[in-house]
Amino acid sequence: QALGGQAWQFRRIPWQLCAAGCMLFGGMLQGRSRPLLGLRCRLATFWLFGALADAKELRYPDGIKPGDQISGTSGEFFRYKHVLVKPPDDDDRIQALGMSEDIKCETCEILLRGLLLKSESNSEDHIMDQFDGELAAPPRDTDNAQEYRVDANRKGCNKHFKDEVLYRGWAIKKCPPPAGETTAGGTTISITSGSEEAKEVKDTALASGKQREWCLEQMEKIPSERDVDTFHIRHEAFFYACENTVGRYGQEMATLLSARLDDGGDRERAIRAACREAASCAGLPTRSPKKGGRRKRRRAPSPDEDL
C-alpha cells in the first residue's frame, strides 16, 4: 500500500500449509534413518504454531486495496510517502512511543553530534538554526500530492530523524541479555564496573524502572530513500526520540551547549549534558520547556535608519 498511489503486490503462502508440510516431512524422517533430524523438524513446527498463535494478522483495512491512495491528518502523513499494507493506528503509535523511551538518550546524542557539525558557530542562534531545520529550498514540483506534502514539511524533527539517524545507518535492535558488556556501532565493548559506560547503562535502566528492551546499532548498509520514506514503527520511534528532546527542549539545549562550548568545554560532555540535563532524556523533566520558542534576535539597523 503506497500513500502516493503506487501499487504493491503481495503473494503469501499460508503458514498452516508450510507447517503441515514440515510435520509430514519430519514424520517421514523419523520413520527412516534420520530420527534425530525428523524430531528437530517436528519440534520446530510446534514452536512455529505457538509463536504464531497470538500473532496479529496483517491485512488491508476494510475498503482499501493495493494501489489505493489514502489521506489523513495525523502526523505520519507529513513524514512518510509510503505505508505497507495498512495506515498506522494507535497501537502502532503506542508501540513506537514505548520503544523511543529506551533509545531516547542515545538518539539525542547522535542528533546533536550531526547538527553541531553543521552549525556556523557555537552561538545559541546558530545552534537553534540547526535545531529548527528550516527548508533550504522550496520543495520540488511533483504531481504526487503526498510526495509534495512530505517534502514541504521536511523540517525540524521530520527532517532530523531521517538525515542524522536513518541515513547514517542507525537501526533499533533488541538489546542483548545483560552480561557485563554492551554494543555500540556494531562493536562489542566490555563494560568495567564503575566506568562511565557502566554508569550510563545503570542510569538508563533505573530511570525506566526496568532493563532496556531496545538498543541502537549502526549498520554498514545505508537504507534507500524509499525505505526511509516508508512508515515503520522503528522509524517512528526515532522521530519521537527527536521530538521529545530536540523538538521539545531545543531552546534549553542550545543555551547549555552554547555556554559550555564557548568556554572551551569538551563537546561530548556538553552533548551528554544537553540531552540528560536540559532535555532530561533519562528521567522526569527537572523543569518545563520554555514557551514561545526561541528568543528574538536584535535586528541590525539599516544604513538609512538613525542610530
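- In this view, R168 and E164 satisfy the side chain to side chain donor-acceptor pair (under 3.5 Å) rule, not counting sequence neighbours.
- The side chain to side chain donor-acceptor pair (under 3.5 Å) test applied to D143 returns no partner, not counting sequence neighbours.
- Atom OH of residue Y249 and atom OG1 of residue T255 lie 14.5 Å apart, to the nearest 0.5 angstrom.
- Considering only residues two or more places apart in sequence or on other chains, Y240 meets the ring-ring contact (aromatic ring centres under 6.0 Å, His included) condition with none of them.
- S100 contributes no side-chain N or O that, together with a main-chain N or O of F238, makes up a donor-acceptor pair within less than 3.5 Å.
- Checked against side-chain contact (heavy atoms from CB on, under 4.5 Å), P88 has the following partners two or more places apart in sequence or in another chain: E76, V83, D92, F231.
- Applying the side chain to side chain donor-acceptor pair (under 3.5 Å) rule to K221 yields no partners; only residues at least two apart in sequence or on another chain are considered.
- For the atom pair CD (E252) and CG (L257), the distance works out to 11.5 Å, reported to the nearest 0.5 Å.
- As summarised for C105 and C281, their two SG atoms come within a distance smaller than 2.5 angstrom, satisfying the threshold.
- The two residues V165 and I110 have their closest heavy-atom pair at CG2-CG2, 4.4 Å.
- Side-chain atoms of R79 never come within 3.5 Å of backbone atoms of N158 as a donor-acceptor pair (strictly under, hydrogens ignored).
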For this session: Begin with the C-alpha distance, continue with both residues' side-chain angles, and end with the deciding distance and a verdict on side-chain hydrogen bond (donor to acceptor under 3.5 Å, both in side chains) for Q251 and E124.
Result: CA-CA 8 Å; Q251 185 67 67; E124 188 175 333; 2.3 Å; yes
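- A donor-acceptor pair under 3.5 Å is formed between the side chain of Q146 and the backbone N or O of F77.
- Listed for the R260 side chain is no donor-acceptor partner under 3.5 Å among the backbone atoms of A270.
- Pairs engaging residues 151-160 under the salt bridge (charged side-chain N to carboxylate O under 4.0 Å, His left out) rule: K81-D151, R140-D151, R154-D163, K159-D163 [sequence neighbours left out].
- H160 meets the ring-ring contact (aromatic ring centres under 6.0 Å, His included) test with no other residue; sequence neighbours excluded.
- Applying the disulfide (SG to SG under 2.5 Å) definition to pairs two or more places apart or across chains, those involving residues 126-177 are C157-C242, C175-C215.
- Take A171 and apply the side-chain contact (heavy atoms from CB on, under 4.5 Å) test, not counting sequence neighbours, and it matches K173, M219.
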For this session: Under the side chain to side chain contact (heavy atoms under 4.5 Å, CB included) rule, what do R267 and N122 come out as? Steps first, then yes or no, please.
Result: CA-CA 11 Å; R267 177 170 294 224; N122 294 330; 4.1 Å; yes
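- Using a distance-only test at 3.5 Å, with no hydrogens or angles considered, no donor-acceptor pair links the side chain of D132 to the main chain of E134.
- For A259, there are no side-chain contact (heavy atoms from CB on, under 4.5 Å) partners, not counting sequence neighbours.
- Under the rule for a side chain to side chain donor-acceptor pair (under 3.5 Å), the partners of E268 that lie at least two apart in sequence or sit in another chain are R113.
- At least one donor-acceptor pair closer than 3.5 Å links the side chain of T107 to the backbone N or O of I103.
- The CD atom of Q130 sits 12.0 Å away from the CG atom of L111 when rounded to the nearest 0.5 Å.
- When all heavy atoms are compared, the tightest approach of A152 to L135 is O-CD1, 3.4 Å.
- Between the side chain of S224 and the main chain of D227, a donor-acceptor pair closer than 3.5 Å is present.
- Using a 4.5 Å heavy-atom cutoff, the side chains of R93 and D90 are in contact.
- Nearest heavy atom pair, residue W170 against residue L216, reads CE3-CB, 4.0 Å.
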For this session: Go through L166 and F161 one step at a time and tell me if the side chain to side chain contact (heavy atoms under 4.5 Å, CB included) criterion holds.
Result: CA-CA 6 Å; L166 294 178; F161 87 100; 3.9 Å; yes
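- Between D125 atom CG and E120 atom CD the span is 10.5 Å, to the nearest 0.5 Å.
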Exercise. Step by step, would you call H232 with I172 a side chain to side chain contact (heavy atoms under 4.5 Å, CB included)?
Worked result: CA-CA 11 Å; H232 193 286; I172 300 175; over 6 Å; no
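- One distance of note links CG of D262 with OG of S121; it measures 7.5 Å at 0.5 Å rounding.
- Side-chain contact between R276 and E109 is present, with heavy atoms from C-beta onward closer than 4.5 Å.
- When every heavy atom of L112 is checked against every heavy atom of C275, the shortest pair comes out as CD1-SG, 3.7 Å.
- For the side-chain hydrogen bond (donor to acceptor under 3.5 Å, both in side chains) with D229, the lone residue among K162, H82, H235 that qualifies is K162.
- Between I127 and L116, some side-chain heavy-atom pair lies under the 4.5 Å cut-off.
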